[in-house]
Protein chains: 2
Amino acid sequence: MITVELLEKYGVIKKSFDKNDIIFEEGNLPLHYYQIISGEVKMSNYNDDGREFIQGIFYNGQSFGEPPLFLNQKYPANAIAVENTEIFILPKENFIKLLEDNPKVSIKIIENLAQRLYYKSVMAAEISTHEPEHRVLKLIDHGIAYFNFQKDKNGYLINFTRQQIGDLTGLRVETVIRTIKTLEKKGELKIINRKVYR
Amino acid sequence: MITVELLEKYGVIKKSFDKNDIIFEEGNLPLHYYQIISGEVKMSNYNDDGREFIQGIFYNGQSFGEPPLFLNQKYPANAIAVENTEIFILPKENFIKLLEDNPKVSIKIIENLAQRLYYKSVMAAEISTHEPEHRVLKLIDHGIAYFNFQKDKNGYLINFTRQQIGDLTGLRVETVIRTIKTLEKKGELKIINRKVYR
DNA sequence: CTCGTTTTATGATTTTAATCATAAAATGGA
DNA sequence: TCCATTTTATGATTAAAATCATAAAACGAG
């Protein structure tokens, strides 16, 4: 996360997106740095059958889409506003200039990329070698630490739909529903009027 | 990749590992920066059944294991020498000092992490939404660009075993063998005395 | 050169999650 | 408040890759 003052110094603009608006598309060349002011953004891929895989979900203060920007490669996924969202947008050249002038920001970027790489490493191993129960629990426990799940008297509220959990873990929605029920029976989580708590 | 001169200035040491030696283990706290001089290193996880998932394979000049170093988190996977390997090892504090003193190195680190994140994004989507043929081809095509595959008169030699391809794509070795045969029949790749060419 | 290990190979069977079908409950615009 | 859409739910069936079994070929350490 880069401070507002710094971004403004380098000519950032604000842009609003409605729910379901496309921010950028897979295959496009990156031209900007994006940082969320408010709202929620998902990055995802669709395969030939229209099946979705969610690479990540981003919230207030988080940036997204930097890797291909640094590599001059095409976006490997789409970025879509999950709800009405406001975003800081900085042209690539200005962003590079900002980094050159402010070495400490580079360290922030490194930490952010490191965090995302860490998540992807964990989930990649989960998706390819573990059963549904393990995958879902791992995602939920990661979410408690890094997505914005709120704690109340029942525990952490996992505010993902069953479909989203499926799209993040590579499982079908029916499988997620059944898996969550099994996990409830085993006492690993609670279901209180259809909402999942951990 | 950080230059030898710079690493030596900050007190780097060289260490040799024999084939199959463990460089660090999942769950340990990171204390060093690692950069390969020669040889080959794999990072991988094992699930409860002993099934392996290879996170990545690294060669001459490449560094590995930085994300948890920046985050003060435990290693999410093991690092193992695939063959006899020589590695530069720099203590964490010296590495941080090196970065602070040399902002341009930060940019290199960012590009490196961005590259790895890009690979993980592509493979995550493949593993969770595509069939074996698609997964194997994507891995191979990525390997041509980023692993050290050599081109000869038959095309690029994919110098991975079927088992390694399986551990990188989340498939079983028998499935990989059958998939590669199918891909050969479809003309997507060649098999010349058991070696795979693309 | 030899022998144990690894790699590639193939066929038969099983398992597990995907798929298909259907529906009730909840949600959210108009 | 009404209706279309989304979300959760459950049962039956299927398909696809994993598993199991076995073996030949290649490799590599001594």
Side-chain angles (χ1 to χ4, degrees), chain A residues 18-20 40 42 47-54 80 82-84 126-137 139-140 157-185 189-197, chain B residues 18-21 40 42 47-54 80-84 126-137 139-140 157-185 189-197:
Chain A
D18 289 335
K19 184 175 177 177
N20 296 325
E40 186 178 340
K42 72 173 172 185
N47 78 356
D48 304 335
D49 305 333
R51 183 169 175 191
E52 184 175 19
F53 175 72
I54 300 178
I80 294 163
V82 176
E83 50 186 58
N84 295 349
E126 282 296 320
I127 288 174
S128 61
T129 62
H130 288 92
E131 339 71 79
E133 287 178 36
H134 206 280
R135 285 195 224 180
V136 169
L137 267 191
L139 176 77
I140 286 175
L157 169 63
I158 311 308
N159 64 338
F160 282 155
T161 64
R162 313 296 197 258
Q163 183 64 63
Q164 283 179 313
I165 292 173
D167 293 341
L168 283 157
T169 54
L171 297 168
R172 289 308 212 173
V173 65
E174 299 94 327
T175 304
V176 173
I177 288 166
R178 289 177 241 241
T179 300
I180 286 177
K181 299 235 150 172
T182 310
L183 286 169
E184 191 204 18
K185 281 201 194 76
L189 33 80
K190 279 175 267 186
I191 305 175
I192 296 163
N193 56 34
R194 298 178 164 220
K195 294 192 190 336
V196 179
Y197 292 86
Chain B
D18 290 334
K19 184 175 176 175
N20 296 326
D21 275 0
E40 186 178 340
K42 72 173 173 185
N47 77 356
D48 303 335
D49 305 333
R51 184 168 175 191
E52 185 175 17
F53 175 72
I54 300 179
I80 295 164
V82 176
E83 50 187 57
N84 294 349
E126 282 296 321
I127 288 173
S128 62
T129 61
H130 288 92
E131 341 70 79
E133 288 179 35
H134 206 279
R135 286 195 224 180
V136 169
L137 267 191
L139 176 76
I140 286 175
L157 169 62
I158 311 308
N159 64 338
F160 281 156
T161 64
R162 314 294 197 262
Q163 182 64 61
Q164 284 179 314
I165 293 173
D167 293 342
L168 284 157
T169 54
L171 298 168
R172 289 308 213 173
V173 65
E174 299 94 327
T175 305
V176 172
I177 288 166
R178 289 178 242 245
T179 301
I180 286 177
K181 299 236 151 172
T182 311
L183 286 169
E184 190 202 19
K185 280 201 195 75
L189 35 80
K190 280 176 268 187
I191 304 176
I192 297 163
N193 56 35
R194 298 177 164 221
K195 292 192 190 339
V196 179
Y197 292 87

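Letters go in sequence order (proteins before strands), and every chain restarts at 1.
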Donor-acceptor pairs under 3.5 Å, side chain of residues 127-136 of chain B to any protein atom, not counting sequence neighbours: which ones?
unit_1	atom_1	unit_2	atom_2	d
B/Ser128	OG	B/Ala124	O	3.0
B/Thr129	OG1	B/Ala125	O	2.8
B/Glu133	OE1	B/Lys186	NZ	2.8
B/Glu133	OE2	B/Lys186	NZ	3.4
B/His134	ND1	B/Glu126	OE1	2.7
B/His134	ND1	B/Glu126	OE2	3.0
B/Arg135	NE	B/His130	O	3.2
B/Arg135	NH1	B/Thr169	O	2.8

Side chain of B/Arg178 (C-beta onward), nearest among C/dA17, C/dG11, D/dA12: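 Nearest nucleotide to the side chain: C/dG11.
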Options D/dA9, C/dA17, C/dT10, nucleotide nearest the side-chain atoms of A/Ile177: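 Between D/dA9, C/dA17, C/dT10, the one nearest the side chain of A/Ile177 would be D/dA9.
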Between [X] ([atom1]) and [N] ([atom2]), how many Å, whole number?
{"X": "A/His130", "N": "C/dT16", "atom1": "NE2", "atom2": "C1'", "value": "16 Å"}
{"X": "B/Asn159", "N": "C/dT6", "atom1": "CG", "atom2": "P", "value": "19 Å"}
{"X": "A/Arg51", "N": "D/dA16", "atom1": "CZ", "atom2": "C1'", "value": "13 Å"}
{"X": "A/His134", "N": "C/dA17", "atom1": "NE2", "atom2": "P", "value": "14 Å"}
{"X": "A/Asn47", "N": "C/dA18", "atom1": "CG", "atom2": "P", "value": "13 Å"}
{"X": "B/Glu184", "N": "C/dA9", "atom1": "CD", "atom2": "P", "value": "9 Å"}
{"X": "A/Glu174", "N": "D/dT8", "atom1": "CD", "atom2": "P", "value": "12 Å"}
{"X": "B/Lys185", "N": "C/dT10", "atom1": "NZ", "atom2": "C1'", "value": "11 Å"}

Under the side-chain contact (heavy atoms from CB on, under 4.5 Å) test, residues paired with A/Asp18 that sit two or more places apart: A/Asp21, A/Asn84
So [Y] and [X], do their side chains get closer than 4.5 Å, heavy atoms only?
{"X": "A/Leu189", "Y": "A/Leu137", "value": "yes"}
{"X": "A/Ile180", "Y": "A/Ile165", "value": "yes"}
{"X": "B/Phe160", "Y": "B/Leu168", "value": "yes"}

Donor-acceptor under 3.5 Å (B/Asp49 side chain, B/Arg51 main chain): no
side-chain contact (heavy atoms from CB on, under 4.5 Å) assessment of A/Lys195 paired with A/Leu157: CA-CA 7 Å; A/Lys195 294 192 190 336; A/Leu157 169 63; 3.9 Å; yes
Presence of A/Thr175 side-chain N/O under 4.0 Å of C/dA18 phosphate oxygens OP1/OP2: yes
side-chain contact (heavy atoms from CB on, under 4.5 Å) between A/Ile192 and A/Tyr197, intermediate numbers included: CA-CA 7 Å; A/Ile192 296 163; A/Tyr197 292 86; 3.8 Å; yes
Global bending angle along the helix from C/dC1-D/dG30 to C/dA30-D/dT1, which compares the axes of five pairs at either end, to 10 degrees: 70°
Minimum-distance pair of heavy atoms, taken over all atoms of A/Thr179 and A/Thr175: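 Closest approach of A/Thr179 to A/Thr175, heavy atoms only: OG1-O, 2.6 Å.
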Minimum heavy-atom distance B/Val176-B/Arg162, with the two atoms named: CG1-O, 3.7 Å
A/Glu52: side chain to side chain donor-acceptor pair (under 3.5 Å) partners, not counting sequence neighbours: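 With sequence neighbours excluded, A/Glu52 shows a side chain to side chain donor-acceptor pair (under 3.5 Å) to A/Lys42, A/Ser44, A/Tyr46, given in chain and number order.
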Members of residues 160-173 of chain A that approach DNA chain D, where some heavy atom sits under 4.0 Å away: A/Thr161, A/Arg162
Dump every N/O contact between nucleotides 25-30 of chain D and the protein below 3.5 Å, one line per pair.
unit_1	atom_1	unit_2	atom_2	d
D/dA25	O4'	B/Arg194	NH2	3.3

